[in-house]
Structures are given as structure tokens and as C-alpha cells.
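Below: the structure, in C-alpha cells.
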2 protein chains.
Amino acid sequence: MYKLTDSVPYLLNRAGVRIAEVFSQRIAENDLSVAMYRVLAMLRERKESTLGDLADVVSVEISTLSRLVGTLAKRKLVSRTRPEDNGRIVIVRLTPQGEALTEKLMPLAMELEATAVQGMSKEEVTALKSALKRMHSNLPAMSGKGKTSDQ
Amino acid sequence: MYKLTDSVPYLLNRAGVRIAEVFSQRIAENDLSVAMYRVLAMLRERKESTLGDLADVVSVEISTLSRLVGTLAKRKLVSRTRPEDNGRIVIVRLTPQGEALTEKLMPLAMELEATAVQGMSKEEVTALKSALKRMHSNLPAMSGKGKTSDQ
DNA sequence: GTTAAATTATTGCAAACGCAACTATTGTCA
DNA sequence: TGACAATAGTTGCGTTTGCAATAATTTAAC
């Protein structure tokens, strides 16, 4: 018999929510949300990115990301520029302050991950990551439709 | 060097969002959200539950769940009763219509899981589930504090 | 047995989200 | 070239969310 509480989607959500809650608290003193942190961490990794690419990476709607990046820009953590050779896109980059803050947060992120996988072997962690990647690629990206709403 | 895009929290969120998006679309024709589905599936599993227990299982705030269950009750999918021997708690149960709908959704959920883990062996899936459970238990439950807010 | 503390659920409120509509720019093709 | 389609971002709007405050009931303490 199929049990919700032993299903992959359920366990995935449960672990994801829990880990986000914990990290959320740890970065709250910097007035950052998890999504904001991910934007910063992503830019640290790639130096620059368009809004659309960031939205894909962070797994939020582009409209949400637009506002979120606006907030980060207002706080001088990132810069937004429209390149001269392409007036459609917006390039987002870390400012020096954004870089500094992101570096400061890295240890927290590593610590969180270490806590989460405590008791698991290196091989188990590798297998977990690969399973998570596989599931992501097994499922089709939504074109943009699809009620995500509750109630 | 620590990479966001190879970190467990990131991969976890990415897979979780994707799987929720897909399932959300599949159940949208029944006017159900994923959280609503989880409430129904949970009640199918346990017959009855209090709001607080449901909130734990579904990983949402109890205030959110209160309203969500209110909506389900309005649609006659669940019943809410305050027991005579305890006027504090609310017992939630599936109505016959709720049961019928839930049974109808089960194949969809099983199909989704099958799609998600396609290409993985039984052992890999088992290991995945156990890793997800371990991570959940490795992280402390938040007492109720902690900014989850964005922007 | 009465008062204080703890538990459980609901409601007010503001923030955040996603969808849809819109603007602006670039690409296509005839 | 000139019109039409496609891409990229922003903004309006209604819904959903979580936190905080509140109400109601039960448990604990004295």
C-alpha cells in the first residue's frame, strides 16, 4: 500500500522545508532570505548572470526574482546593468559589498550542509546528490503554466 | 571550493520545487494544491488527526493549515469536530467524498514517484529515502521563530 | 479548589508569491 | 526594409503565507 509518509516527494519536501527553515534563521540577522542567499551565492560562482538564468537556478518565478534583485540592488549588494549591445537583458553582478557579505555567509552554508548530512559517508552524500540531480532531470520543466496555488 | 550548485540544500530545493510543480499541475483539475493533497493523503493513512499533527506532517504553519482545512471542509472533503472530552483540539477526518477523491489521486502520486526515480535501482531509492529521513532528523525543529520571509 | 501556566486552534495583518498583462528590445522572413 | 514573432523584464493584482496576537480549553501548582 502506498504511504504518503514514505514517498519520495513527501520526504523530499519535508527535508527541504526543514533545512530551509534552519538556514533561514541563521542568515536572518543579515536580513536575507534563502532565495536572496542563493542569488548571491550563484553570482559568486558565475560572476554575472541574467535575471532569467538566475530564476532558473534559484527555482523561483522571474517576476519574483525581478523584485528580489531590485531589493538587493537597493541595498547595494548587486548591480543591474543593461548591456549596450543588448537592451533587452539585465546583467546582475555582485558589488564589493555583496561579495564581502557572500563570503561571510559561506561558512554558514558549509556548516549547515555538514549538519544535515551528519552520519552519512562520503559515498552516501555523493549518491544523494546524484539522486537529486537525476530526479530533477527526470521531470519536465514547466513552461510557465500550472497552478501552484493553495486554497 | 564550495559550490552552491553542488550543495545538498540547493539540489534538494531544486528537486523539491520541480516535483511539486509537476504534481501541482496534475492535480490542478481537482482544484487541489499539493499541501491539500498531502492533508488528504495523510488522513487516508491515519484515519484522523489533529491540526497540529497535520501541520507537522505537511510541513506548513498551523495557521496556514487551519485555513487550508477550512477550505477542504467547505468543500465537504474533510470534517472537523471538537471532541467532547477535549474542547481544545480539532479532529480532522476524511468524508466519504474526500476518501473517494483521495483514492482517485493515489495512482497519480505513484506515477509521479515512478517518473521521478526513473533509472534508479530499488536500492538507490531506498538509500535516497533513508538519506532524506536522516537529514530531517539531523536538523532541529524550529520552535516557531525564524524569519522565512523574502525581500 | 483556585489561580497560573501550557496547549490548541483561529484571525488580523503585512509580506511574498505567481500569473497575466504590458513594455521594450531583438530576431525573423518575405 | 518593414511587419510580425519571439525574447526579456517589469508591474498590477489577487492569493497564500507566516508571524503575532487572541480566544478557548486543559493541565499544573500551590
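A, B, ... follow the sequence lines: proteins, then strands. Residue 1 opens every chain.
No hydrogens or angles were tested; on distance alone, a donor-acceptor pair under 3.5 Å links the side chain of B/Arg67 to the base of D/dG18.
The phosphate of D/dG18 (OP1 or OP2) has a side-chain N or O of B/Thr64 nearer than 4.0 angstrom.
Scanning both residues, A/Val57 and B/Tyr10, for their nearest heavy atoms gives O-CE1, 3.0 Å.
Atom CG of B/Leu51 is separated from atom P of C/dT11 by 11 Å (rounded to the nearest Å). What separates CD of A/Glu61 from P of D/dT10 is a distance of 13 Å, to the nearest Å. Across the protein-nucleic acid pair, B/Arg88 atom CZ and C/dT7 atom P stand 8 Å apart, rounded to whole Å. Between the CG atom of A/Asn13 and the P atom of D/dT17 there is a distance of 12 Å, given to the nearest Å. Taking atom CD1 of residue A/Ile89 and atom C1' of nucleotide D/dG9, one finds them 11 Å apart after rounding to whole Å. Computed from coordinates, the B/Leu65 CG to D/dT17 P distance equals 10 Å when rounded to whole Å. When the C1' atom of C/dT10 is taken as reference, atom CG of B/Leu54 falls 16 Å away, rounded to whole Å. Spacing between atom CZ of B/Arg82 and atom P of C/dT10 amounts to 6 Å, rounded to whole angstrom units.
When each of B/Ile62 and B/Pro83 is assigned the nucleotide of DNA chain D bearing its nearest heavy atom, the one mapping closer to the 5' terminus is B/Ile62. Of the two residues contacting DNA chain C, namely A/Gly87 and A/Ser59, the nearest-nucleotide position lying further toward the 5' end is that of A/Ser59.
Between the side chain of B/Arg75 and the backbone N or O of B/Asp31, at least one donor-acceptor pair lies under 3.5 Å. Judged by distance alone, with hydrogens and angles left aside, the side-chain atoms of A/Lys129 form a donor-acceptor pair with the main-chain N or O of B/Asp6 at under 3.5 Å. Under the 3.5 Å distance criterion, the side-chain polar atoms of A/Arg18 are matched with a main-chain donor or acceptor of B/Leu139. Of the possible polar contacts, none joining the A/Arg134 side chain to the B/Met120 backbone as a donor-acceptor pair under 3.5 Å is found.
Here D/dC19 is the nucleotide among D/dC19, C/dT10, D/dA6 with the atom lying nearest to any side-chain atom of B/Ser63. Among the nucleotides D/dT26, D/dG18, C/dT10, the one closest to the side chain of B/Asn86 is D/dT26.
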